[in-house]
*Asks:* 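I have a structure I would like to understand better, so I am pasting it below and will then ask my questions one at a time.
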Protein chains: 2
Amino acid sequence: MDMLSVMQDAGTKCLDRLSQDGGSLYLQVKRALLTCIESRVWLPGDQLPSETLIAGQLGVSIGTLRRAVDELVQEQVLVRRQGKGTFVALHSRDRYLFQFFRVEAREERFGAGIPSDSEYPEVECVSFERQRADEAAADALRLRTGDPVFVIQNRLSLKRRAVVLDHIVISATLFKGLNEKRFLERSSTIYNFYQTEFGITVLHARERARAVLASREAIRRLGVAPGTPLIEVQRLAHSFGERPVEWRTSLIYTQQHDYVSDVSAPR
Amino acid sequence: MDMLSVMQDAGTKCLDRLSQDGGSLYLQVKRALLTCIESRVWLPGDQLPSETLIAGQLGVSIGTLRRAVDELVQEQVLVRRQGKGTFVALHSRDRYLFQFFRVEAREERFGAGIPSDSEYPEVECVSFERQRADEAAADALRLRTGDPVFVIQNRLSLKRRAVVLDHIVISATLFKGLNEKRFLERSSTIYNFYQTEFGITVLHARERARAVLASREAIRRLGVAPGTPLIEVQRLAHSFGERPVEWRTSLIYTQQHDYVSDVSAPR
DNA sequence: AAGTGGTCTAGACCACCAT
DNA sequence: TGGTGGTCTAGACCACTTA
């Protein structure tokens, strides 16, 4: 297990001290693990050292380590596979589909159960530009007005019907080296692309929705009639430590689709 | 502690066996605790016997019991208060406000932080009727078409501006004894009212939203102009065991407010 | 068969709350 | 002071994966 021992050596800097007084021991352990991930000592997809090893290195009991790992698994930062090991979570197509893409074909029967129709949308890039952040985007992304950003417009279709128009703003500093060619040639989900190509993991987002009338651009891009009501969703997506990394505005044509959400216990 | 011992005796029927083979031991324990609550042996607000006592009665270790309780606390079925005890959760005004009422005044700055403006809406009852369930409502609530239901329309205002029109359908069988007078005279949040008066606890909900143009009724009730776009939200609220208990359609006027949601790890 | 995570135990000690 | 939940320990044993 050469890779593992290398990882442990590299991880030593994160794992040999629990000095940060973050309250209870398991929270300090959790913070130490997060530090290993945020500092890219452990990369998405990597296997962690075994629980026994980490616990030993940190000088805590295995139960305490497990409590910390439990929380990170729940937050989808880590993934456990019985018999194999614990891994830094990778964004899968399914995770994107079920967690972040929340548009579903209209159901006649509400309580019917699992949506049959959760298909992956077809994505077309409408425009890709390098611009300067306006006030709203800078505010959301914690940049200064005028900082360089990429502005990407995508059109998403389900069953060949244009349903969503996305307007995405990301920091050009954070996504250093991104260009239209790389973006167009990506072979995966956009959040997977962020993660594998730029090391940016989207963990959760906050959304605000309102009803609007189709703008001229929406009429053209979505092919809807003037006066059509649409849902406009503003999303701020966050990475570790609540760091905002993507500012997105989506226009959703809800003639045959719904914007779906769950209302359950807050985290 | 007379009340406690009575509760334990009553609870014996739930707590003396773990026969239901629900997989691992702590899951069986969790199910046993849920049974005590669902069968109303323990009522909302009641204090549970101490962890030591329950663990002893069930013949499991305290760690195993705690794991079961941990999950129920996370699902907001139980509440722990250090030094005092563990209690069956009661719906508070705050829980309604923060978890289930998801309309907030528009913020100019998105990432600004905690919404300053989360005020409790003023609620007016527009109509209260006993009707027969139509197909959609029956479907959602797992009733038969034509079963008796209560249909309640409420108008919600924030800062004296009408913002939401709620259309609520609940089973008259489940809410036996409800009438307009009792509904109007309730002194609390609607979900708190369901819980304290009818023993029905709303745990979570699933919502589907779409943009619509204001109907004649919305124009009249919300005082908006014809052609105004609104968000229509259909909510199915569930109690224990995924039992649907309330079917609600809300029209939201989003001129100065947003429909807000979090996108985080699924449960 | 060896290594991993998954479950469960039987304690110890601490922090908080009531009286 | 006595009871409650909160944290932590150091194991044992099981189930799953890989070789």
Side-chain angles (χ1 to χ4, degrees), chain A residues 1-8 11 18 20-33 42 45-90, chain B residues 1-5 7-8 11 18 20-33 42 45-89:
Chain A
M1 298 297 162
D2 191 49
M3 205 180 98
L4 271 186
S5 62
V6 167
M7 243 163 55
Q8 283 151 38
L18 288 176
Q20 313 150 61
D21 198 69
S24 44
L25 188 52
Y26 83 91
L27 284 176
Q28 296 175 44
V29 172
K30 184 178 169 186
R31 152 108 28 174
L33 298 176
W42 297 333
D46 281 353
Q47 177 171 9
L48 269 60
S50 79
E51 302 190 332
T52 325
L53 272 170
I54 299 181
Q57 186 151 6
L58 291 175
V60 302
S61 82
I62 194 133
T64 303
L65 173 73
R66 278 187 65 81
R67 181 155 178 194
V69 173
D70 280 345
E71 291 200 0
L72 292 172
V73 166
Q74 219 202 337
E75 294 163 16
Q76 296 186 291
V77 172
L78 297 177
V79 174
R80 281 206 259 240
R81 274 169 251 188
Q82 180 171 101
K84 297 175 82 170
T86 304
F87 302 80
V88 180
L90 265 179
Chain B
M1 299 299 161
D2 191 48
M3 205 181 96
L4 271 187
S5 62
M7 243 162 56
Q8 283 151 37
L18 290 176
Q20 313 150 61
D21 197 69
S24 44
L25 189 51
Y26 82 92
L27 285 176
Q28 296 175 46
V29 172
K30 184 178 170 187
R31 154 114 19 181
L33 298 175
W42 297 333
D46 280 354
Q47 177 171 10
L48 268 60
S50 80
E51 301 190 334
T52 325
L53 272 171
I54 299 182
Q57 186 149 8
L58 290 175
V60 303
S61 82
I62 193 130
T64 303
L65 173 73
R66 278 188 65 82
R67 180 154 180 194
V69 173
D70 281 345
E71 291 200 0
L72 292 171
V73 166
Q74 219 202 334
E75 294 164 17
Q76 295 186 294
V77 173
L78 298 177
V79 174
R80 282 207 257 240
R81 272 170 255 193
Q82 179 170 108
K84 296 176 81 170
T86 303
F87 302 81
V88 181

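All values derive from a computational prediction rather than experimental measurement. Order of the sequence lines fixes the chain letters, A, B, ..., with proteins taken first and strands second; residue numbering starts at 1 for each chain.
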*Asks:* Which listed nucleotide (dT7(C), dG6(D), dC16(D)) is nearest to the side chain of Q82(B)?
*Replies:* dG6(D)
*Asks:* 5'-most contact on DNA chain D: G83(A) or G59(A), nearest heavy atom basis?
*Replies:* G59(A)
*Asks:* CG of L58(A) versus P of dC8(D): gap in Å, rounded?
*Replies:* 13 Å
*Asks:* Does R80(A) make a side-chain N or O approach to OP1 or OP2 of dG6(C) shorter than 4.0 Å?
*Replies:* yes
*Asks:* Using atom CG of L65(A) as one end and atom P of dA10(D) as the other, report the distance to the nearest whole Å.
*Replies:* 14 Å
*Asks:* Would you check if Q47(A) and R81(A) make a side-chain contact, meaning some heavy-atom pair closer than 4.5 Å?
*Replies:*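 Q47(A) vs R81(A): side chains apart.
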*Asks:* Find the distance between CZ (R80(A)) and CG (L72(A)) and round it off to the nearest 0.5 Å.
*Replies:* 9.5 Å
*Asks:* How close do A89(B) and Q76(B) get, heavy atom to heavy atom, and via which atoms?
*Replies:*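 Distance-wise, the nearest heavy atoms are CB-O, 3.2 Å.
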*Asks:* For the side chain of E51(B), starting at C-beta, report the closest nucleotide among dG5(D), dT9(D), dC16(D).
*Replies:* dG5(D)
*Asks:* Can you tell me how far the CG atom of L78(A) sits from the CH2 atom of W42(A), to the nearest 0.5 Å?
*Replies:*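 Rounded to the nearest 0.5 Å, the CG-CH2 separation comes out at 8.0 Å.
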*Asks:* State whether T64(A) places a side-chain N or O below 4.0 Å from either non-bridging phosphate oxygen (OP1 or OP2) of dT9(D).
*Replies:* yes
*Asks:* Roughly how many Å is it from CG in L25(B) to P in dC13(D), rounded to a whole number?
*Replies:* 17 Å
*Asks:* Please tell me which of the listed nucleotides, dC8(D), dA10(C), dG11(D), lies nearest to the side chain of S61(B)?
*Replies:*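 So the nucleotide nearest the side chain must be dA10(C).
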*Asks:* How many Å lie between NZ on K30(B) and P on dT7(C), as a whole number?
*Replies:*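 Going from NZ in K30(B) over to P in dT7(C) covers 12 Å.
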*Asks:* How long is the line joining CD1 of I62(A) and P of dC13(D), in whole Å?
*Replies:*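 Those two atoms, CD1 and P, are 16 Å apart.
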*Asks:* I want to check something: taking the side chain as every heavy atom from C-beta on, are L33(B) and I54(B) in contact at a cut-off of under 4.5 Å?
*Replies:*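 Sidechains of I54(B) and L33(B): in contact.
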*Asks:* If you look at every strand shown and take non-hydrogen atoms under 4.0 Å, does R67(A) touch a base, only sugar-phosphate, or nothing?
*Replies:*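 Since only primed, P, OP1 and OP2 atoms lie under 4.0 Å of R67(A), the category is sugar-phosphate.
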*Asks:* Go through dG5(C), dT9(C), dT9(D) for me and flag the one nearest to the S50(A) side chain.
*Replies:* dG5(C)
*Asks:* Would you mind classifying the nucleic acid contact of T86(B) as base, sugar-phosphate or nothing, using non-hydrogen atoms under 4.0 angstrom?
*Replies:* sugar-phosphate
*Asks:* Kindly say if K84(B) contacts the phosphate of dA18(C), meaning a side-chain N or O under 4.0 Å from OP1 or OP2.
*Replies:* yes
*Asks:* Give the nucleotide from the list dT7(C), dG11(C), dC8(C) with an atom nearest to the side chain of R66(A).
*Replies:*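 Taking heavy atoms from C-beta onward, the closest nucleotide is dT7(C).
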*Asks:* Between D70(B) (CG) and dT7(D) (C1'), how many Å, whole number?
*Replies:* 11 Å
